[in-house]
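Here is the naming used below: chain letters follow the sequence lines, and residue numbers restart at 1 for every chain.
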There are 2 protein chains.
Amino acid sequence: MSPVDLAPQELRTLVAVADERGFSAAAVRLGTTQSAVSHAVRGIERKVGVVLFERGRYGARPTAAGERAAAHARRILRMLEVLVTETREAARDGKIGEIGEIGGPLRIAAFRSAALYLLPPVLERLAARHPGIEATVTVVREVGPGTAGEVADGRADLGIATIGTSSPIPPELVGDVLLEEPYALVHPAGHPRPRSLPLVDWQENCSSYTRQWWAAQDWIPTATVRAEDDGAVLSMVGSGLGMAIMPGLSLTGAPPTTAITDLGPERPTRRVGYVTTPELAATAAVRALVRELRADAKPQVRAV
Amino acid sequence: MSPVDLAPQELRTLVAVADERGFSAAAVRLGTTQSAVSHAVRGIERKVGVVLFERGRYGARPTAAGERAAAHARRILRMLEVLVTETREAARDGKIGEIGEIGGPLRIAAFRSAALYLLPPVLERLAARHPGIEATVTVVREVGPGTAGEVADGRADLGIATIGTSSPIPPELVGDVLLEEPYALVHPAGHPRPRSLPLVDWQENCSSYTRQWWAAQDWIPTATVRAEDDGAVLSMVGSGLGMAIMPGLSLTGAPPTTAITDLGPERPTRRVGYVTTPELAATAAVRALVRELRADAKPQVRAV
DNA sequence: CGGATCCATGAGCCGTCCTCATAGCAGCAG
DNA sequence: CTGCTGCTATGAGGACGGCTCATGGATCCG
């Protein structure tokens, strides 16, 4: 008999305040009043017995406990949605002769190159096969917790992530590798000695093995330029400002003024895969997406 | 914007009706009236748009959709509990100097021999180390979905299960093998030709490999006696009524009137492990239990 | 044909949660 | 210092949802 009972509306309030970092902003998002939010948060804190937000002039910042509570709340809210859609699917599947048409929202977190070059054909086929699924893609920097963090915090149902020894699949999540792609050298087309150009680097592409490989190459210049993301890197290379070492996916959109050179048999590679939560892994919508991802990834694996 | 919103009380109603197979019985469990349950179920069915229970004079039986909804509901309710306890733990851990004392309820499902001979020392140490944890063990037959089914349906937080190729860890759950134990022959002590006795069998001990091994043994008599559970088998053997082939855990409680004979290097074995849901795997209480299970299991693995 | 045992339904009550209005507080500009 | 502008806190009142109570309908049973 637990005297604590958080209603869905309270969970939504929790999430909104944590996301918007303020009671007033959260009220706008929820379509309610600031007063309601204040009352609700106070009630939740009383029930749980923990201060979840630090209030101040600036608004409200979640405490460590509040952050954790919000992450749980996001996932519980998602499971409530799943309960409804899965129950409806089960009811439809019961009627003989009809094939259950799967549908519902599907939130995908992906790093930039995956969102631009890997997902579009996959989502196109997914939409053709299951018109009821409403997929939304949010681009997330693959730094820190990255796309897997989005999934763990309940902000996404499935994440496209780089998977390696330095960034394994978190224990509370499940997932698999989809493809392993090589890094390659990209440089301005027609340049006489491309390896003499400065190296353009960006934040997200570093796995431990890749760094190690870099260190072993004596021709890589120490003077490097740092750019915002892989798209910026490519356009800089295209303008003749330098060369770069980038994974295959990022090179899909390389402008015509660039040339790509293979790095040989010892070239570094990176593994790209998906992660999701176990309860969502059993979902028809997520399974359908994974199926399409696999169908798309296999030829590329073979090509490598 | 989904117009569906199931309150915790509604989830509890769902679970109670599914468990008790009747509105009136569910009302008693929930400490409310039959009318409230009827209204609530009707409201839920209207919101979800699916008939969840078949009503009859016998009471109410969940439909396939209702069964699924109840399983989801159980897990969501458990996650709501986890949200609260984890949030409180996070708040306590925030205060420097204090070590967070973990606590809360912990529901374990185990098959009979594990509950009798594997869990007691583990739970004793767990209780000594974390007095706040309230562990409850329910004995479940390891047939059909077994202990893993209890976990998947949200009736238990962790299950002790036999793990093999014919019964792998379900994809929506996580877990690991704890120990691999051999089957051995148990027979009445002092019997001149124990292998001539009828074989006493019981429901739960069959893995595919074990069955295969049995078939390859020409000395196993075809005339077998079938008993209720492994305890009953042991007492029958102890009374001189037959012999049996049983896994090590079940033999821990063998009476003194029995003798145990090793089956040699080709003897069949079974793997015993634990399963839990991914969201619970991250819980401090579950992690503490798994730690104790591992500490207890390792020596046994070495002994085999 | 009562009687027992289910679930269904309508009326009315009560608590919960929301809105509205207002107060308190901190920074900032003049 | 004062007034303005963000923000949150708080109290009073009202709408709504969910509960109880009482009753009705269906089915099985002796």
Please answer whether the main-chain N or O of [Y] pairs with a side-chain N or O of [X] as donor and acceptor at a distance below 3.5 Å.
X	Y	result
R61(B)	R21(B)	no
T32(A)	A27(A)	no
D153(B)	A71(B)	no
R287(A)	A282(A)	yes
E142(A)	T147(A)	yes
T63(A)	L52(A)	yes
R88(A)	V48(B)	yes

Check your understanding: Within the modelled atom types, does a donor on one side and an acceptor on the other bring the side chain of S35(B) and the base of dT9(C) under 3.5 Å apart?
Key -> yes
Between the protein and nucleotides 25-30 of chain D, list every N/O to N/O distance that falls short of 3.5 Å.
{"residue": "dT27(D)", "atom": "O4'", "partner": "R57(B)", "partner atom": "NE", "Å": "3.3"}

Point to revise | Given dC20(C), dC21(D), dT9(C), the nucleotide with the shortest approach to the side chain of T33(B) | key: dC21(D)
Point to revise | Minimum-distance nucleotide to A36(A) side chain [options: dT9(C), dC7(C), dT19(C)] | key: dT19(C)
Find the distance [X]:[atom1] to [N]:[atom2] and express it as a whole number of Å.
X	N	atom1	atom2	result
Q34(B)	dG24(D)	CD	P	15 Å
E20(B)	dT5(C)	CD	C1'	16 Å
F23(B)	dC19(D)	CZ	C1'	16 Å
L6(A)	dC17(C)	CG	P	11 Å
R21(B)	dC7(C)	CZ	P	13 Å
L30(B)	dG18(D)	CG	C1'	14 Å
Q9(B)	dC16(D)	CD	P	22 Å
Y58(A)	dC28(C)	OH	P	14 Å

**Study point:** Carboxylate-amine/guanidinium proximity below 4.0 Å for R75(A) and E86(B)
**Key:** no
**Study point:** DNA chain C base-pair string [pairs: Watson-Crick or G-U under 3.5 Å; |: paired with another strand]
**Key:** ||||||||||||||||||||||||||||||
Check your understanding: Do the non-hydrogen side-chain atoms of R78(B) and V82(B) ever get within less than 4.5 Å of each other?
Key -> yes
Review point. With a 4.0 Å cut-off on heavy atoms, is G43(A) in touch with a base, just the backbone sugar-phosphate, or nothing at all?
Key: nothing
Review point. Does OP1 or OP2 of dC6(C) have a side-chain N or O of R55(B) closer than 4.0 Å?
Key: no
Check your understanding: Of S38(A) and H39(B), whose closest DNA chain D nucleotide lies nearer the 5' terminus?
Key -> S38(A)
